[in-house]
Every structure is written in C-alpha cells, then in structure tokens.
Amino acid sequence: MSRNYSCILVEQDGPVGIIKLNRPEALNALNDVITSELVQALNAFDSDGNIGAIVITGGDKVFAAGADIKKFENRTMTDMIKNDVLDWSSGIRAIRKPLIAAVNGYALGGGCELSMMCDIVFAGEKALFGQPEINLGIIPGAGGTQRLVKAIGKSKAMEICLTGSVKLNAHEAHAAGLVSGVYPVDQVLKQAIKTAKIIASKGQIAASLTKSAINQSFEVSLESGLLYERRLFQTAFGTEDRKEGVDAFIKKRVAKFSHL
C-alpha cells in the first residue's frame, strides 16, 4: 500500500495489515480526515488477497480520545442529518476481514466505539474505556449505546453512558467481556499482530463467513441465527479451502489454503 496518509500510518506485516491512528497533537480525535483515511485503508486491505486480518491501533498513551469536538460547534440538527459525520462507521461495519483493536490509553467516545466495531479487542494495562458524550449534551452516535450494552450488559452500560464519568479500566473491561485480553503496554500490539497472523493462516472465506455468522447473532432471533449459520456452513462446502482443509486433516499435514 503506497499511498501516503496525513492522519494514519499504514504498514503490512506478512499477511496482516496494520493501521495506526496518528494525530498525537489531538489525542487521535476522530475528525473527518482521519475517519475517511481509516475507511480507505481498511477497504484497501479488505480487497487485498494477501491480507488475512487487520489490526487497528493508536499510540502508547491514547487509542482515540473521542470525536473532534470542534467540528460540532456550529452544527445544527438539519446539518447533522444532511451531512452524516458518522457515516464512516458504516464503512467499518462493511469490512469482511477480521479486525483486531490493540488499545493503549484512552479509548473514549468515538474511540471506545471504534474499538467495539472491531471483532477482537486487546487492551494494554493502562487502557480506559468510556462514553462521555452526555457531558456535551449529546449521546453516543457510532454504536456506543448499542454495542456497549451487548458487550457488558444494560446496567453498567447505562451507568457509563448516563454519568459520562465512569470509565472501565483494562481489567474491568476484560472482566466485563469488552476486551479479550490485557497485556503490558509494550506487548498489546505484538499480541494483536500474533493473533492476526493465526487468523490469517486460515482460509479467508471461512474467516469471513465466521465473522458474518457471529455478527448476525446480534441482529436476529436464535432460530433465525441458527438457520443463517447452517446456510453459511453449507456454503463453505463449495470452496476449495474446504477440500484442502479436510484433506490436510485426514493426511495429518498442514493445510495450504488458497482462499478459493
């Protein structure tokens, strides 16, 4: 990926795409530029057949400290409806490949929401998660009131969103189910990349189907979700990767997936 971005850094580690939010002077606040570049980079990795998983991270002291509040100063309701500043979140939701967030420091407001858009979240020991939007007279708008409830339950999500002051530290977030694991600050990105490489070693089609099936479980009844899963299970039998995976298992060798 050769494009130069102004607010993110992009690199590739083997089959893993890595995107680093890079507005340190603004604590990685999510303005229109950084979110647009983020979606562009994600789409580029998503369409790259050599990439099997994607990691999103920030700095050692901040993942993203929310939205860039200055852009809200003169916005009206009509303006917000006509020019949806949160449309970027739909672009991230459309990414088919597994996304892993490596979070250090503050993940507040839009930063917390961005981490929850990812499929797996790893946190550094000093990470803090919160939704302080109510302090501005507004509410979370990129999934904070929806994904947080599904991750940690109604009561705690209500407390976090209604007080605007309660934050979950890394270990609390882990105990609540918001993050998958907690690691030293200098190890969280390495762990995310390590896990991403494991995922990338699998068949990309199966990984995409798995992600779709799990996400569907939040949208539909159990019966509908089971039917959806069954259809995707059956779909996987039309792939070359299924033939390779089964043959490798039977012959006790390492599978070489072609993602076909």
Checklist entry - With a 4.0 Å cut-off, would you call Arg253 and Asp247 a salt bridge? => result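 Yes.
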Checklist entry - For Arg230, does the CZ atom have more than 12 heavy-atom neighbours from other residues, nucleotides or ligands under 6.0 Å away? => result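 Atom CZ in Arg230 is not packed in, count stays at 12 or less.
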Item to check | Within 6.0 angstrom of Glu223 CD, more than 12 heavy atoms from elsewhere | outcome: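 No, not enclosed.
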Could you tell me whether a side-chain N or O of [X] sits under 3.5 Å from a main-chain N or O of [Y], the two making a donor and an acceptor?
X: Asn169; Y: Glu172; answer: yes
X: Glu37; Y: Tyr5; answer: no
X: Gln131; Y: Thr145; answer: no
X: Asp46; Y: Lys97; answer: yes
X: Thr195; Y: Gln191; answer: yes
X: Thr235; Y: Arg231; answer: yes
X: Ser224; Y: Ser221; answer: no
X: Ser201; Y: Ile198; answer: yes

Grouping I, L, V, M, F, W and Y whenever their side-chain heavy atoms are under 4.5 Å apart, do [X] and [Y] come out in a common cluster?
X: Leu27; Y: Val188; result: no
X: Ile138; Y: Leu30; result: yes
X: Met116; Y: Leu168; result: yes
X: Phe122; Y: Val16; result: yes
X: Val182; Y: Leu128; result: no

Item to check | Audit row: Phe129, Leu178, side-chain contact (heavy atoms from CB on, under 4.5 Å) steps and yes/no | outcome: CA-CA 9 Å; Phe129 298 84; Leu178 185 62; 3.9 Å; yes
Checklist entry - After noting the C-alpha distance and the side-chain angles of Val220 and Leu227, does the key distance pass the side-chain contact (heavy atoms from CB on, under 4.5 Å) rule? => result CA-CA 10 Å; Val220 300; Leu227 178 60; over 6 Å; no
Would you call [X] and [Y] a side-chain contact if the rule is heavy atoms closer than 4.5 Å?
X: Asn22; Y: Pro24; answer: yes
X: Leu38; Y: Leu114; answer: yes
X: Lys202; Y: Asp241; answer: no
X: Ile214; Y: Asp119; answer: no
X: Arg23; Y: Asn31; answer: yes
X: Ile92; Y: Trp88; answer: yes
X: Ile152; Y: Ile160; answer: yes
X: Ile95; Y: Met117; answer: no

Closest approach of [X] to [Y] (non-hydrogen atoms, all atoms of both residues):
X: Tyr228; Y: Ala213; result: CE2-CA, 3.9 Å
X: Gly91; Y: Val39; result: CA-CG1, 4.3 Å
X: Phe63; Y: Ala107; result: CD2-CB, 4.1 Å
X: Val55; Y: Ala196; result: CG2-CB, 3.9 Å
X: Ala170; Y: Gly124; result: CB-O, 3.2 Å
X: Thr57; Y: Ala102; result: OG1-O, 2.8 Å

Using 0.5 Å steps for rounding, measure from the [atom1] atom of [X] to the [atom2] atom of [Y].
X: Gln40; Y: Thr35; atom1: CD; atom2: OG1; result: 9.5 Å
X: Leu148; Y: Lys154; atom1: CG; atom2: NZ; result: 14.0 Å
X: Gln216; Y: Lys211; atom1: CD; atom2: NZ; result: 13.5 Å
X: Thr239; Y: Leu260; atom1: OG1; atom2: CG; result: 9.0 Å
X: His259; Y: Glu244; atom1: NE2; atom2: CD; result: 11.0 Å
X: Ser115; Y: Ile56; atom1: OG; atom2: CD1; result: 10.0 Å

Checklist entry - Run the side-chain contact (heavy atoms from CB on, under 4.5 Å) check on Lys167 and Leu108 step by step: do they pass? => result CA-CA 9 Å; Lys167 300 177 182 64; Leu108 305 178; 3.9 Å; yes
Next on the checklist: Could you go through Val103 and Val179, starting from their C-alpha distance and side-chain angles, then the distance that decides it, and tell me whether this counts as side-chain contact (heavy atoms from CB on, under 4.5 Å)?
Outcome noted: CA-CA 9 Å; Val103 178; Val179 307; over 6 Å; no
